[in-house]
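Just below is one structure, and these are the notes that go with it.
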Amino acid sequence: MRYDESSPPLPESSTSVSPDRPWYARRSTLVVAAAAIAPAALAAWVLTEVLSGGAGDDSRPPRIVMPLAASAAVPSAPAAPTPAPGASAAPAGTPGPAAAKGLAGRTVVIDPGHNTGNFKHTTEINRQVDIGTNRKECDTTGTTTNSGYMEAEFSMDVSRRLRTVLEAKGLKVVLTHEAGKERPFGPCIDERARIGNEAAADAVVSVHADGVSAGSRGFHVILPAKVKGGGADTAKIIEPSRQLGERIAGNFARTTGSAPANYLGSGTGLVVRDDLGGLNLSTRPKVFIECGNMRDAKDAAQLSSPEWRQKAAQGIADGIVGFLGG
Ligand code: ZN
C-alpha cells in the first residue's frame, strides 16, 4: 500500500536479515573481508548496486546500494565541549559556549513528513505537482499505527526534538512546517524541497515512518538517485547526500539500537530512489529517514514511545553534526 511519498514502490517481501542479528557484527565481518581484499578501499565506500525485483512508477526498480566500509558505523559526533566552570548552560535555541566549532552559522532544514491536517484536505493534497521527472500528489496523509498514532504526529514530534538538539549545538534550524493554523495541510512536496533550497541549507532531513506489512522491521535512509529533467537535477547533491545518509544511518542505529530495515536495502539501511519529489527537486544535501514500520507491532511500540523518539532525534542529530564536521 502506498500511504506515503516515501513508501517503496513495491516493498520487497524479505531479504532474510534477522533483526536479532547484531548489525555491527555483520558490518564488522564485511569490514574484515574488505580489509583482506583491498585495504585501500577502506578509505571509501565500495558500492554495489543491486537491482531489486520491484517495478516502480516509471517501471525502473529502486536501486539498492550496499556499503562495504564502516564509516557509517563509526559514531561520528564528538560530545559537546564541557562548559567552563561557572558557565551556565545555554538555553535551547541559543548558540552558546557549547556550540561546536564549525557549526555556528550553518543551517539545517528539517522536514516533518506529511501533516496531521492532510486527512481533512484531500482535494488540496491530491493536486498534482511537478517533481521534475514526473508529476505526483502534492502531499499524502502518511500512515498510522494500528492503534491510530499518526505518522504525521510522529514526524512532527521527532522533528521538534531534533530541532532542540541541533539548536543547542549552535545550528540554525528551519522546519518546513509545524502544521496547526499556519499550515492546515501540506506543504506540497515541491515546496518542501524549495524551502531547503531557499534556506541554502547545509543539510536537509525529511522525517518519516513507513507503513508496510507486519514483520517488516527496522529503519532505512533514502538517498537521492541521479535524476535530471524539468526542474530536477540532483547531480551535485548525490555524493554529499550519501555522506549525510551514511552518517545518519550509523548514528541512528547506535542511539536507538534499531537494526537496518529487513525488507529492503539488503540490510544496509540505505536505499536510493528516483521517485521522490522532495529529493529530486532538492539542490541541497538531503535524505529521508524512515524510522521504523508503523504497521509492525514491535516497531510501533518503539515509535509510540517518547523516550525512543528522543533517541531517534539524537541519532539523526549526531549524524547531521558529524556530516557538518562538528
Ligand atoms: Zn511518510
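We count ligands from 1, going down the list as the structure has it; atoms in each ligand are counted the same way.
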Does the side chain of [X] reach to within under 4.5 Å of the side chain of [Y], using non-hydrogen atoms?
{"X": "Glu178", "Y": "Arg160", "result": "yes"}
{"X": "Leu276", "Y": "Lys136", "result": "yes"}
{"X": "Leu223", "Y": "Val272", "result": "yes"}

* **Nearest to the Zn ion (ligand 1) - the N/O/S atom of Glu151, by atom name** => OE2
* Specify which N/O/S atom of His208 comes nearest to the Zn ion (ligand 1), by atom name. => ND1
* Asked: Taking the inter-plane angle between the rings of Tyr149 and Phe154 on a 0 to 90° scale, is it parallel (under 30°), tilted (30 to 60°) or perpendicular (over 60°)?
  -> perpendicular
* Please determine if the Zn ion (ligand 1) has an N/O/S atom from Asp210 lying under 2.8 Å away. => no
